[in-house]
Structures are given as structure tokens and as C-alpha cells.
Visitor: 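Before we start, here is the structure in question, set down as C-alpha cells.
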Protein chains: 2
Amino acid sequence: MWGKHTDMENEKLADLRIDHVPQTLREIAVERMRAAIVSGYFPSGRRLVERNLVEQLGVSRSVIREAIRYLEAEGLVEVLPRSGPVVATLDWERARQIYDIRLRLEAAAAADCARLADDAARGRLAEALRQLEQAFESADPQVLYDATTRFYQEIFTSAGHHVAWDIVHRLNGRISRLRALTLASTDRRVSGQARMRRIAEAILAREPEAAEQAVREHLTEAAHIARQLLEKAEGAKVRDVS
Amino acid sequence: MWGKHTDMENEKLADLRIDHVPQTLREIAVERMRAAIVSGYFPSGRRLVERNLVEQLGVSRSVIREAIRYLEAEGLVEVLPRSGPVVATLDWERARQIYDIRLRLEAAAAADCARLADDAARGRLAEALRQLEQAFESADPQVLYDATTRFYQEIFTSAGHHVAWDIVHRLNGRISRLRALTLASTDRRVSGQARMRRIAEAILAREPEAAEQAVREHLTEAAHIARQLLEKAEGAKVRDVS
DNA sequence: CTGACAATCGTGGTATACCAACATACCATA
DNA sequence: TATGGTATGTTGGTATACCACGATTGTCAG
């Protein structure tokens, strides 16, 4: 909770001022739309008609348009010429690249975290792991998704890799539906939990190489599962409008 | 009657479609503003007053605002609450992280490029190197900057790392003034040229490890120069409010 | 002369209306 | 049936108005 939120909005929450965080309508709109896309409420390829969004979110078109620009730069939305914005689609080739980048950045962050984290950071990481394992017990995929996000966030911020976290966080948004699926897959619930515990244990034991290796195995497996899911889905992509 | 065209343009000419790049006003505005920031015409910390930009660019406020949202998500602009957008500032800590990410992604791209590039890609890389060396002779820093960008772009795209190139490209925007300074520094003109040639040679010789190592040395040196420049500037930052 | 208060102005945020260009679907007529 | 026009919907783009807030400035009382 005091842990950082997404880099974007947290600076406002840090101070304890009572009055009125200047969260603008636009920021709220971006959050809502991002959540709607990430959660799959707006599926891949869905057209985002501005005037519909206006009434769905209850804000003016200016706000919607600016929010779309932001999400467009984030890669969550693509704007087709003369047709308007749609939720970005994801093929395996792009997903593969994203997993590859995540692997490199997360391995580096885990290693640096193992090297640099002080006791306070270690405590937060242990706590994040505890909540993560609790989330594995829970049936709610959203809870699990959020817990893994917080777990990784703790690793990145403890390592001081704020820029990398920002990048990974955005990439995660683009593969969020894949992540939700891989996290939910049954084998994954077992091996994923074991692998993530190994990451945390390596960091807590200050073993950078082991942490790096654990991340590598974890993500390689995740990418493998994602590939199967995605190529299966692409095979039957006639009905992927869902 | 038409005879054969080169592979490149043939497919477009085959059908009679009018390609018609739509390029909206907003896109143009984003490009102009990005160029103004990257080139240093809008220095770090400079306020971007919307109504001024309206008359400077000759477009309406809506366009300006949407362009600012895009650049904000890109990290080139930050919006201060109740004060408006300013050109993002850069301290050494952030720059260090950016150089670190670049190092990892560029090393991976160079290695994959050495492994995967076909003859056509090799030819393009050789050509990019040739133009780069020509640019080193030229006195114009902008020419040199563009040539290095194209050189790296060729490496990333030949390796198929499109997502990574997207990320690196944006990161480069954020450290563009630093890059311009490091490229212009006199020792850099010598060693930088030598190191970049080594990168290209390793790729052309299909030696992934050598390419990776060459990138690593190149970027480590660049970061070192950047640090000196930046910390010197920060030391005298009392007067950078301009 | 100084300090407090108020008027003013500049700025960002938001909402609304309007127009042109384009695409699509539909329909009427030859 | 095929052709051509029409209606509708969506987007991009623009203009304008209003509000809230903060900074500046000017004025007036002490």
C-alpha cells in the first residue's frame, strides 16, 4: 500500500496532504480504459468509438480523445487510419519479443535486487511473497494477477530499476490477457508458485546468479505456455472477437 | 511496358491503389514538438504553454493537447499539477538506468542480428555503416545523430527485435541531448567510430558474442561520457532555470 | 512606507457545437 | 439485376465558452 503504485500516479499519493489529489478526469479515464482493456472487458480488436465511450464513462469527448492518445502511445490502443482506435491485437511474434525483453529486464532487476536490497526491502519482498502465495490459494485470478504484479514491482523498485519497471509494466499491460491465462493454467499454479518462491529465496539469500537463473526459467516457462495458448487461439481466430 | 521495378517499390505499384498516407495534423504536431524537444530547441524544464504552442504551430488547442498527451506517455514531457506540461528533465540516475536498458537490449539485438541476418540485411547494414562513417567526417551533429539512429535501427530490425527497437527509440528520445553531446565530444568521434565499426564487423562476420561485447564496450563508454557531461551540468544547475 | 486585501489576468481543465472527409449500408430506379 | 445515389455513422479537426485555481498587481488603510 505504501509500496509504490504505478509510476504514473503514485507521486501524488506519497504525501499525506488531506485535500484533493489533483487526479484529473483524464487520468481517471485513462485508468478506467486501461483497466477495461487489461481485464479483457474490451477484447482485442474491439473498436473504441469515441462517442460511445463518452456516454460509457460520462465524460466529454476531449477527455476521451486525450486518454486515447495516451493509451495509443502506451501501445494498448492502435489507431487505424480512417477507422479510428481499436484495442491493440497481439500475435505470437510480438508476444515472443515482449517475453524476451521482460526476461532480460527482470533477470537484471532480480540480480541487482539480490545485490543491493537492504533489510527493509527484503522485508517488503518477503511480505509480497507471502501475499503472493496466499493469492495462489485464492481462486480469484484478478487477485493473483495483482499479487504477481506487486511482487515484481517490489523486485524492480528495490533494485532501483524504476525506468525498467515502467517499461515492463507497460509491456505487461499489452500481454495482460495472456498473463491471466498462463497464471490460471493448472500446471502453472503449481510450478509457477514454486518458481516464484525460488526467485524470492535467491534474492533473500543474496545470490544474484541464482535469482537471475530462476527468473529465466520462470519466464521461459511462462512464454512457452503463452505460446501454446496463443497459437491455439490463432488457429481458431475466426471467433476471437469473443 | 512498365519493365521491372526493384522489389521494394514493385508491390506498391502493382496495384493501382493510392497509398495516401493520411498523416493527421496531430501526428505532424507530435513530430514537430518531439523534434523541437530532441534537438534542444525546447530545453529541459521549459514550460510548454498550450496557447503559445497554438500560435507557434498554427493548429488548434485540441491538437496541441492531444499531442502533449502522446509525448507525456512517451516520457518526453511531464505534466506538473496545476502548472502544466514542461519538457522532461533528466538526472544522472535516470540516464544511468536508460543506458543500462539500452545496453541489454542492444547487446541482444546485435547478437541476434549476427545470428539471423540474411544477405540483404547484411548489405543494408554495410550501407548504414558506410553512411555512418561518412557522417563522422561531416561536421553536422544532426547528420551524425541521424546516421547512428539508422545504424542501430538496421541492427534491431534485422534481428527482428521490433518491440525492443520501439522501446530503445523512445529511450533515445529522452537522452537525445546527452547523445548529441557525447557524439560531439572529440575523443568520442575517434573511439566511437572505431567501436561502431567493430560492432558492424562482428555482425557481418556472424560472431554474436563479439558483437555483443562490442556493443557493451561502446555503450559503457558512452554512458561514462554522458555521466561526466551530466554531472558537470548538474553541478551548475543553479542557473538552468534560464 | 508597509502590509493586507481585492481585482485582474493567465493557465489548465472541461464541455459543447460544428464542419469536412470518408466508409458503409441501404435503397430506388433503369 | 446492376448501377448509382442517399442516409447514416465515425473520425479528424476546429472554435468557443465556461470554470477553477493561482500568480500578479494595484489599491487602500494603517
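Proteins come first, then strands; the chains are lettered A, B, ... in the order of their sequence lines, and each starts at number 1. All values derive from a computational prediction rather than experimental measurement.
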Visitor: From C-beta outward on B:Arg65, which listed nucleotide comes closest to its side chain: D:dT14, D:dT10, C:dG13?
Guide: C:dG13
Visitor: Does B:Arg61 get its side chain close enough to the base of D:dG13, under 3.5 Å, for a donor-acceptor pair?
Guide: no
Visitor: Going by number, which of residues 51-59 of chain B have a non-hydrogen atom under 4.0 Å from DNA chain D?
Guide: none
Visitor: Reckon B:Leu48 touches a base, only the sugar-phosphate, or nothing at all at heavy-atom distances under 4.0 Å?
Guide: sugar-phosphate
Visitor: What I want to check is whether an N or O donor and acceptor connect the side chain of B:Ser60 with the base of D:dA15 at under 3.5 Å.
Guide: no
Visitor: Could you state the CD-P distance from B:Glu66 to D:dT14, rounded to the nearest angstrom?
Guide: 10 Å
Visitor: May I have the distance from B:Glu50 (atom CD) to C:dC9 (atom C1'), rounded to whole angstrom?
Guide: 17 Å
Visitor: For A:Asp100, check side chain to side chain donor-acceptor pair (under 3.5 Å) against everything at least two apart and list the hits.
Guide: A:Arg104
Visitor: With a non-hydrogen cut-off below 4.0 angstrom, is B:Arg26 in contact with a base, only sugar-phosphate, or nothing?
Guide: sugar-phosphate
Visitor: Given that A:Gly84 and A:Ser62 both sit by DNA chain D, which one's nearest nucleotide is further toward the 5' end?
Guide: A:Gly84
Visitor: Could you pull out all residues at least two apart from A:Thr148 that satisfy side chain to side chain contact (heavy atoms under 4.5 Å, CB included)?
Guide: A:Leu132, A:Leu144, A:Arg179, A:Leu183, A:Met196
Visitor: Please report, rounded to the nearest Å, how far the P atom of C:dG12 is from the CD1 atom of B:Ile68.
Guide: 8 Å
Visitor: Using the test ring pair (Phe, Tyr, Trp, His ring centres under 6.0 Å), find all partners of A:Phe156 that sit at least two apart in sequence or belong to another chain.
Guide: A:Trp165
Visitor: Are there over 12 heavy-atom neighbours, none belonging to A:Arg32, within less than 6.0 Å of that residue's CZ?
Guide: no
Visitor: Restricting to pairs with a member in residues 155-168 of chain B, which pass salt bridge (charged side-chain N to carboxylate O under 4.0 Å, His left out), not counting sequence neighbours?
Guide: B:Asp166-B:Arg170
Visitor: Calculate the interatomic distance between B:Leu80 atom CG and C:dT11 atom C1'; express it in whole Å.
Guide: 13 Å
Visitor: Could you walk me through whether B:Asn172 and B:Arg102 pass the side chain to side chain donor-acceptor pair (under 3.5 Å) check?
Guide: CA-CA 9 Å; B:Asn172 278 342; B:Arg102 273 188 63 188; 3.3 Å; yes
Visitor: Which listed nucleotide (D:dG13, C:dT11, C:dA15) is nearest to the side chain of B:Val63?
Guide: D:dG13
Visitor: Take the protein atom CD1 of A:Ile64 and the nucleotide atom P of C:dT14, then report the distance between them rounded to whole Å.
Guide: 11 Å
Visitor: How would you list, by chain and number, every residue that makes a side chain to side chain contact (heavy atoms under 4.5 Å, CB included) with B:Leu171, sequence neighbours excluded?
Guide: A:Val163, A:Ile167, B:Ile98, B:Ile101, B:Ile167, B:Arg174
Visitor: Would you indicate, yes or no, if C:dG13 has its OP1 or OP2 atom less than 4.0 angstrom from a side-chain nitrogen or oxygen of B:Arg69?
Guide: yes
